[in-house]
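Notes follow the structure.
Heads up: numbering here begins at 1 and tracks the sequence. This structure is a prediction, so every number in the text was calculated from the model and none was measured. Just so you know, ligand 1 is whichever comes first in the structure, and atom 1 is the first atom listed for that ligand.
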Amino acid sequence: MTAPSTPPTPDAGSPPALAVDELARDFGGIAAVDGVGFTLRRGEILGVIGPNGAGKSTMFALVAGSLKPDRGTIRIEGVPVEGEGAHRRVGRGLARTFQIPRPFPEMSVLDNVVTAATGQSGERVLASLLAPGRVRREEAAARERAFALIRFLALDHLADRPARVLSGGQRKLLELARALMAEPRVLLLDEPAAGVNPALLDFIIERIAEINRRGIAVLLIEHNMDMIRRLCPSVLVMAAGRPLASGTPEAVMSDPRVVEAYLGGSVH
Ligand SMILES: Nc1ncnc2c1ncn2[C@@H]1O[C@H](COP(=O)(O)OP(=O)(O)O)[C@@H](O)[C@H]1O
Ligand SMILES: [Mg+2]
């Protein structure tokens with residue numbers, strides 16, 4: 001990654017990094033996501049908020065391709081991808097983190113990040129027989145990249161430790177490193193602050209801001225409104241699967257419909 005000193009200017013003539021329209025998915029008659037649409041421009045951060053059960057994680061799964069939509073369109077840099085699998089979408093520059101990180105617990109922190117790049121062990125075995133030198137060089141390069149990422153995320157002192165020793169917050173950082181290994185242009189983050197202690201929270205906010213400054217567009221699901229306010233010029237509010245409101249964090253949080261949707265929930 002190179003670090004421009006000024007934020008990238010939105011590309012007026014080019015398609016948005018991610019464009020979602022009329023996305024919908026039912027689970028046994030319950031509309032988990034029902035007509036959601038938004039546009040994420042290159043280098044932009046868009047927050048996604050809403051009470052538990054609003055459909056945020058389901059919307060992510062639809063965008064990432066781990067779940068098929070019943071209807072709607074998803075375009076990555078102008079290319080419709082709703083018919084493609086998750087792996088193809090990663091190849092198009094889309095990466096995601098999960099709300100609940102699931103690292104390989106006995107594998108080292110570094111290897112957890114390396115394997116995010118080389119998931120296809122069957123292909124690798126064949127390639128290592130046919131071109132052992134090239135595979136070794138690629139693996140060395142992947143380890144170097146993985147190490148740079150865990151250093152960027154302050155996990156380098158834990159590189160050789162099994163992932164099971166990580167705290168909840170460190171697991172979030174590992175999850176972020178794994179997603180960055182794909183060199184995404186669009187990053188989907190599902191509650192990166194959940195269960196993170198306040199000291200680490202500031203660090204995670206600062207790192208997400210830095211990732212974004214380097215030109216990666218970010219779609220950020222988060223309950224922590226401090227994080228949303230500090231990172232997102234604009235947010236989409238979902239409730240009961242539907243898009244309820246959008247605008248600046250201040251504007252949506254003072255919208256009576258949003259306050260109503262959150263009644264009984266916890267928003268500050
Ligand atoms: N795999 C699933 N099978 C059945 N229902 C699901 C599944 N995943 C999510 N749901 C339901 O879809 C709705 C939206 O859930 P979710 O997307 O997890 O919301 P959020 O992330 O906003 O809390 C909820 O009612 C949830 O129970
Ligand atoms: Mg969720």
(message) Using the rule salt bridge (charged side-chain N to carboxylate O under 4.0 Å, His left out), only one of Arg178, Arg161, Arg143 pairs with Asp111; which is it?
(response) Arg143

(request) Hey, could you give me the CG/CD1 distance between Asn224 and Ile49, rounded to the nearest 0.5 Å? (result)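 Asn224 CG to Ile49 CD1: 11.5 Å, rounded to 0.5 Å.
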
(message) Could you tell me if Ser57 and Asp190 have a donor-acceptor pair between their side chains, going purely by distance under 3.5 Å?
(response) yes

(message) No waters, cut-off 2.8 Å: how many protein N, O or S atoms are close to the Mg ion (ligand 2)?
(response) 2

Which heavy atom of [X] sits nearest a heavy atom of [Y], and at what distance?
| X | Y | answer |
| --- | --- | --- |
| Val218 | Leu40 | O-CD1, 3.5 Å |
| Leu244 | Arg257 | O-NH1, 3.3 Å |
| Ala146 | Val113 | CB-CG1, 3.6 Å |

Tabulate below the donor-acceptor pairs under 3.5 Å that side-chain atoms of residues 75-86 make, not counting sequence neighbours, or state none.
residue: Glu77; atom: OE1; partner: Arg185; partner atom: NE; Å: 3.3
residue: Glu77; atom: OE1; partner: Arg185; partner atom: NH2; Å: 3.4
residue: Glu77; atom: OE2; partner: Arg185; partner atom: NE; Å: 3.1
residue: Glu82; atom: OE1; partner: Ile74; partner atom: N; Å: 2.8
residue: Glu84; atom: OE1; partner: Arg92; partner atom: NE; Å: 2.9
residue: Glu84; atom: OE2; partner: Arg92; partner atom: NE; Å: 3.2
residue: Glu84; atom: OE2; partner: Arg92; partner atom: NH2; Å: 2.6

(request) Return the protein residues near ligand 1 (heavy atom under 4.0 Å from any of its atoms), ordered by chain and residue number. (result) Phe27, Ala32, Pro51, Asn52, Gly53, Ala54, Gly55, Lys56, Ser57, Thr58

(request) Can you sort out the partners of Arg164 under salt bridge (Lys or Arg N to Asp or Glu O under 4.0 Å), two or more places apart, ordered by chain and number? (result)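 Counting only residues at least two positions away or on another chain, Arg164 forms a salt bridge (Lys or Arg N to Asp or Glu O under 4.0 Å) with Glu106.
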
(message) Could you tell me if Arg207 sits above the aromatic ring of Phe152, with its cationic atom closer than 6.0 Å to the ring centre and no more than 45 degrees from the axis?
(response) yes

